[in-house]
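In this chain, numbering begins with 1 at the start of the sequence shown.
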Amino acid sequence: MADQKHLDVTLETQVESVNLAEEMCLRVAEAAGFDEDDCYRIGMSVREGVINAFHYGNQERPEKKIYLAVDLTSDKMVIHVLDEGKGFKLGDVPNPLAEENLLSTSGRGIFLMRSFMDEFDVVPGRTGGAEIIMSKKLPSADGHPANDNDDHNATSHQA
């Protein structure tokens with residue numbers, strides 16, 4: 001994939017936008033060659049990002065929009081989810097694994113996105129809200145992530 005591909009969509013602040021965003025990203029991920037497990041992780045991450053934009057960012061206000069952008073580069077799929085809320089700092093999100101937060105739902109979506117994607121960040125958005133930027137390395141021809149030099153992912157099992 002020598003040239004970069006870009007998809008840009010403006011979504012309404014409504015529950016149906018969650019499924020629409022997930023379906024669009026799944027189609028891109030499948031076309032890019034991601035396996036079933038990675039497609040699940042990407043889809044779940046997009047769901048969580050759009051749910052956060054819908055609920056926390058835009059506070060379910062229908063006059064506000066959610067912006068979804070997907071970029072396919074030569075080595076990764078990058079997803080942007082941007083809301084029109086007041087924004088937040090990643091450091092302010094409670095750790096859902098901390099004992100005092102185990103029964104709280106706050107922070108679980110961020111935790112899942114961080115766990116499922118190779119890169120994850122939240123930056124102030126151009127709309128004043130928060131912009132989630134997350135990416136997943138494209139699989140190589142042998143089915144392993146491209147440019148994956150991390151030792152913890154390079155374990156092999158011999159029969």
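- Asp35 and Asp38 make their closest contact through OD1-N, 2.8 Å (heavy atoms, listed as atom of the first residue, atom of the second, distance).
- In this structure, the separation between CG on Leu68 and CG on Leu20 is 8.5 Å, given to the nearest 0.5 Å.
- Nearest approach of Phe34 to Lys137, heavy atoms of both residues: CE2-O, 3.1 Å.
- Side-chain atoms of Leu11 and Phe54, non-hydrogen and from C-beta on, never get closer than 4.5 Å to each other.
- Residues Thr13 and Pro62 are not in side-chain contact: their nearest non-hydrogen atoms beyond the backbone lie 4.5 Å or more apart.
- What you find for Ala29 and Ile42 is that their closest heavy atoms are CB-CD1, 3.9 Å.
- For the side chain to side chain contact (heavy atoms under 4.5 Å, CB included) criterion with Arg41, the lone passing option out of Met117, Met113, Lys136 is Lys136.
- In this structure, Ser17 has no side-chain hydrogen bond (donor to acceptor under 3.5 Å, both in side chains) partners at least two apart in sequence or on a different chain.
- The other members of the hydrophobic cluster of Tyr67, by chain and number, are Leu82 (side-chain heavy atoms under 4.5 Å, ILVMFWY only).
- Between Ala53 and Val81, the closest heavy-atom pair is CB-CG1, 4.0 Å.
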Would you tabulate the side-chain donor-acceptor contacts of residues 126-133 under 3.5 Å, counting partners in other chains and residues two or more places apart, or write 'none'?
unit_1: Thr127; atom_1: OG1; unit_2: Asp83; atom_2: O; d: 2.5
unit_1: Glu131; atom_1: OE2; unit_2: His80; atom_2: ND1; d: 2.8

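- A heavy-atom distance below 4.5 Å is found between the side chains of Met77 and Val70.
- Applying the salt bridge (charged side-chain N to carboxylate O under 4.0 Å, His left out) test to Lys65 and every residue at least two apart in sequence or in another chain returns Glu12.
- Linking Ile, Leu, Val, Met, Phe, Trp and Tyr whenever their side-chain heavy atoms come within less than 4.5 Å puts Val15 and Val46 in one cluster.
- What you find for Glu30 and Cys39 is that their closest heavy atoms are CG-SG, 3.7 Å.
- Other residues sharing a hydrophobic cluster with Leu112 under the 4.5 Å side-chain heavy-atom criterion for ILVMFWY residues are Tyr40, Met44, Phe116.
- Partners of Asp8 by side-chain hydrogen bond (donor to acceptor under 3.5 Å, both in side chains), not counting sequence neighbours, listed by chain and number: His6.
- Scanning all heavy atoms of the two residues, the minimum distance from Met24 to Val9 falls at CE-CG2, 3.6 Å.
- For Ser135, the side-chain contact (heavy atoms from CB on, under 4.5 Å) partners at least two apart in sequence or on another chain are Lys76, Val78, Glu119.
- Put simply, the side chain of Lys64 never gets that close to the backbone of Asn58: no donor and acceptor are under 3.5 Å apart.
- Shown here is Glu36, whose CD atom has no more than 12 heavy atoms of other residues, nucleotides or ligands within 6.0 Å.
- Shown here are the side-chain contact (heavy atoms from CB on, under 4.5 Å) partners of Val18, two or more places apart in sequence or in another chain: Arg47, Val50, Ile51.
- For Glu63, the salt bridge (charged side-chain N to carboxylate O under 4.0 Å, His left out) partners two or more places apart in sequence, or in a different chain, are Arg61.
- Remark: Glu23 pairs with Arg27 by the salt bridge (charged side-chain N to carboxylate O under 4.0 Å, His left out) rule, at least two apart or across chains.
- Taking 4.5 Å as the limit, every side-chain heavy atom of Ile66 sits out of range of all side-chain heavy atoms of Thr10.
- For the atom pair Leu72 CG and Leu138 CG, the distance stands at 6.0 Å (nearest 0.5 Å).
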